[in-house]
Amino acid sequence: MTPRFLANIRASSPDDRIAARMKDAGLACILDSDRLQVFAGGIEMCPLENDAGVILGMLHPHPLRNAGPPDTRTILVTKGRCLTASHWGNYVALWSDGAEVRALRAPFGDQDVFYSAHRGGVVIASDLALLEAALQARFTCAWTHVAAHLAGRGLRGADTCLAGVRELLGGECLVARPDGLGTETLWSPWDFTQPERVLTIEENAHRLRELADTCIAARAAPFEHVLIMLSGGLDSSILAASAAKSGARLSALTFTTGDPSGDERRYAETVSAHLGIPLVSANLALNAVDISRSAAAHLPRPIARAFAQAIRACKRETASGIGADAVFDGGGGDNLFCSLQSAAPLADRLRTRGIGPSVWRTALDIAELAESNVLTVAAHGIARAWFRPPDYRWQPDFRFLSDDVERTASALATHRWLKAPRGALPGRAAHVALMIAVENLIETWPGPLPELAPLMAQPLIEHCLGIPSWEWVHAGHNRWAARQAFAERLPRMITVRRSKGTPDSFSAALYETRRSTLSEFLLDGVLVRESILDRAALEYTLRDTTPVKGHDHLRILALADVEAWARGF
């Protein structure tokens, strides 16, 4: 059963209609106090004392903090900060101290939390369908935010792409007071970019491995049989190695695209044989993708990719065939393990250590990784260290967007973590920006099969953010601390691997075979009607029938998914 919940934070009298609708949806009332009413089904529950509130979902003690079970009084006194400091997991905590009602979402928790104003209060739900059922409402597109979403390359704020629907973001606490509604930040990645104790390279690698083992074992524990998405790349192999250490029953799945660039079976077979995990190989099918349907149709943002339908169909068919009850993938691993190809780590080392032999070593490492000239890297590093603010410059994408969007939407494409605090280092800012991109990878997908990205665990994220940026690059390799951490657990051909398979050939084939459908779908669609797309630019590109080159076809496929999503509202 898919975990679901709904909370009604009341400003006045109880709303019996919401209670009746939740009963019809199969949810039981688990808390009913003066201002807070909570309904839930298929989800773990930890009630707080004296009906003060409830914690929904999985809550684990932080492996580095020696935390005991959550204490109601401490939660009330600290206003929830004890949870983000001493625990981690996939939880939503709701409680009231009389004057205020609070809702806290776990940092990088993959349980969605959406909310909407209602009768002077607010209704919070695990999914859009439940929110609509409770309010008897049908939400419509907020076109300005749709445009900002496209221009900002998925930058995620509290405002969604639906009018009247907001999202409680990870590490944020929603606070309902008699005088209004607000949010407080209880967790930020910036809090962990300057660790209290500086560890050696070996200590960082050792702790990374221990935390990966602990966190992945905790995520695997509720399941009988886990299917690991195993490409044979570094991230999925680390996930598989830690999952194998947990003792969970595992199988692995690797898929091919029909092109050598998307065929990583040799690497996946090596890892599965090394770890003793049975491996299934499957082909992605073009006919599994329906251009007119969005894989994000159940979400208030169009965040899916065109090939997501084919991958999801492959996962679910394989899981059903072998009896797996969960799917794990290494999503976000590149970001977590600071896969940068820039001079930012050199800038950090210059500002931290000054000019010396170690700085030259880092410049050589980056030059080899980027296949660039060391003097060019050094010049960029010096400029980045002392002649630019440390903030990461998130580049907008205005391809195929109208001039109106370029003038107005970019102002909305912001994020709460992009502004670096005083004294921050450029490489740290780049690593935080990588974690911003992860937020769109950990959505909740409907259905009985949980699809999780266990590397996105708060303790592991906090540790990786504290590793100096230059320790992630060495001798032409990125993600070096992670490679070192699992050097004894994985075959050497994996830990030294620099190549990376991609689904680009599948996307190219999808574009070429559906070009006429894409033209009909987009050129007279709602995004053109709402003056979001530049119809002339789009038509010019779609008329080109030569084999695809560059990345414009990926952008057009992404626009088609947004079009399909928008037509659903």
Side-chain angles (χ1 to χ4, degrees), residues 153 188-195 197-205 208 234-235 332-397 415 417-438 461-485 496-500:
R153 293 167 40 234
S188 167
W190 287 108
D191 296 336
F192 304 94
T193 57
Q194 297 294 336
R197 179 190 170 201
V198 177
L199 304 178
T200 65
I201 294 174
E202 294 75 19
E203 288 172 332
N204 273 324
L208 190 159
L234 181 66
D235 308 323
D334 281 354
N335 309 60
L336 175 67
F337 301 139
C338 198
S339 183
L340 291 173
Q341 191 166 305
S342 75
L346 177 60
D348 285 9
R349 197 151 203 180
L350 281 165
R351 288 183 51 173
T352 304
R353 304 286 175 84
I355 297 175
S358 63
V359 167
W360 186 247
R361 178 67 259 173
T362 297
L364 289 169
D365 290 338
I366 294 172
E368 187 176 351
L369 173 65
E371 298 180 346
S372 180
N373 181 284
V374 69
L375 294 179
T376 301
V377 170
H380 282 292
I382 290 168
R384 192 76 181 85
W386 290 305
F387 298 100
R388 265 185 54 191
D391 304 49
Y392 181 84
R393 295 177 180 174
W394 190 275
Q395 296 298 323
D397 188 349
H415 194 279
W417 295 338
L418 275 179
K419 181 64 179 176
R422 185 179 181 86
L425 297 173
R428 302 287 200 187
H431 197 173
V432 169
L434 287 175
M435 298 312 300
I436 289 173
V438 167
I461 291 169
E462 291 171 356
H463 174 64
C464 288
L465 287 168
I467 296 176
S469 59
W470 59 85
E471 289 187 12
W472 291 107
V473 57
H474 177 75
H477 290 88
N478 57 19
R479 298 169 287 174
W480 182 249
R483 294 177 192 272
Q484 288 295 94
V496 301
R497 184 184 176 192
R498 297 192 193 187
S499 63
K500 191 176 183 69

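If you're wondering where the values come from, they're calculated on a predicted model, not measured in any experiment. Numbering of residues begins at 1 and proceeds along the displayed sequence.
Taking CH2 of Trp470 as the reference point, atom CD1 of Ile366 lies at 11.0 Å (rounded to 0.5 Å). The CG atom of Leu234 sits 9.5 Å away from atom OG of Ser339, with the distance rounded to the nearest 0.5 Å. Rounding to the nearest 0.5 angstrom, the gap separating the CG atom in Leu465 from the CD atom in Gln194 is 11.0 Å.
Nearest heavy atom pair, residue Ala481 against residue Ile467, reads CB-CD1, 4.2 Å. Contact record, Asn335 with Ala437: ND2-CB, 3.7 Å, taken as the closest heavy-atom pair. Across Leu208 and Cys464, no two heavy atoms sit closer than the pair CD1-SG, 4.0 Å. When all heavy atoms of Ala347 and Gly381 are compared, the closest pair comes out as CB-O, 3.6 Å.
Within the 3.5 Å criterion, the main-chain N or O of Trp417 finds a donor-acceptor partner in the side chain of Trp190. At distances below 3.5 Å, not a single donor-acceptor pair connects side-chain atoms of Asp365 with backbone N or O atoms of Gly476. Judged purely by atom type and a 3.5 angstrom limit, Arg483 uses its side chain to pair as donor or acceptor with the backbone of Arg497. Side-chain atoms of His463 come within 3.5 Å of backbone N or O of Asn204 as a donor-acceptor pair. Using a distance-only test at 3.5 Å, with no hydrogens or angles considered, a donor-acceptor pair links the side chain of Arg153 to the main chain of Gln395. Here the side chain of Asp348 pairs no donor or acceptor atom with the backbone of Ser469 at under 3.5 angstrom. Formation of a donor-acceptor pair under 3.5 Å by the Arg349 side chain with backbone atoms of Ala344 is not found in this model.
Side-chain contact check for Val359 versus Leu346: some heavy-atom pair is nearer than 4.5 Å. Under the 4.5 Å side-chain criterion, counting only non-hydrogen atoms from C-beta, Phe337 is not in contact with Asn478. Counting only heavy atoms from C-beta outward, the side chains of Leu425 and Arg351 approach each other to under 4.5 Å. Looking at Leu434 and Leu340, their side chains come closer than 4.5 Å, going by heavy atoms from C-beta outward. Proximity of Asp391 to Leu418: side-chain heavy atoms (C-beta onward) are nowhere separated by under 4.5 Å. The closest side-chain heavy-atom distance from Pro189 to Met435 is not below 4.5 Å.
Partner Cys338 forms a side-chain contact (heavy atoms from CB on, under 4.5 Å) with one of Arg479, His431, Arg428 and no other, that one being His431.
Note: Trp394 and Tyr392 have perpendicular aromatic rings, judged against thresholds of 30 and 60 degrees for the angle between ring planes.
Of the N and O atoms on the side chains of Ser358 and Arg353, not one donor lies less than 3.5 Å from an acceptor on the other residue.
Few gaps surround CZ on Arg388; more than 12 heavy atoms of other groups in view lie less than 6.0 Å from it. Other residues, nucleotides and ligands place no more than 12 heavy atoms under 6.0 Å from the NE2 atom of His380.
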Before giving the answer on side chain to side chain contact (heavy atoms under 4.5 Å, CB included), spell out for Leu350 and Ile355 the whole-Å C-alpha distance, their side-chain angles and the decisive distance to 0.1 Å.
CA-CA 6 Å; Leu350 281 165; Ile355 297 175; 3.8 Å; yes
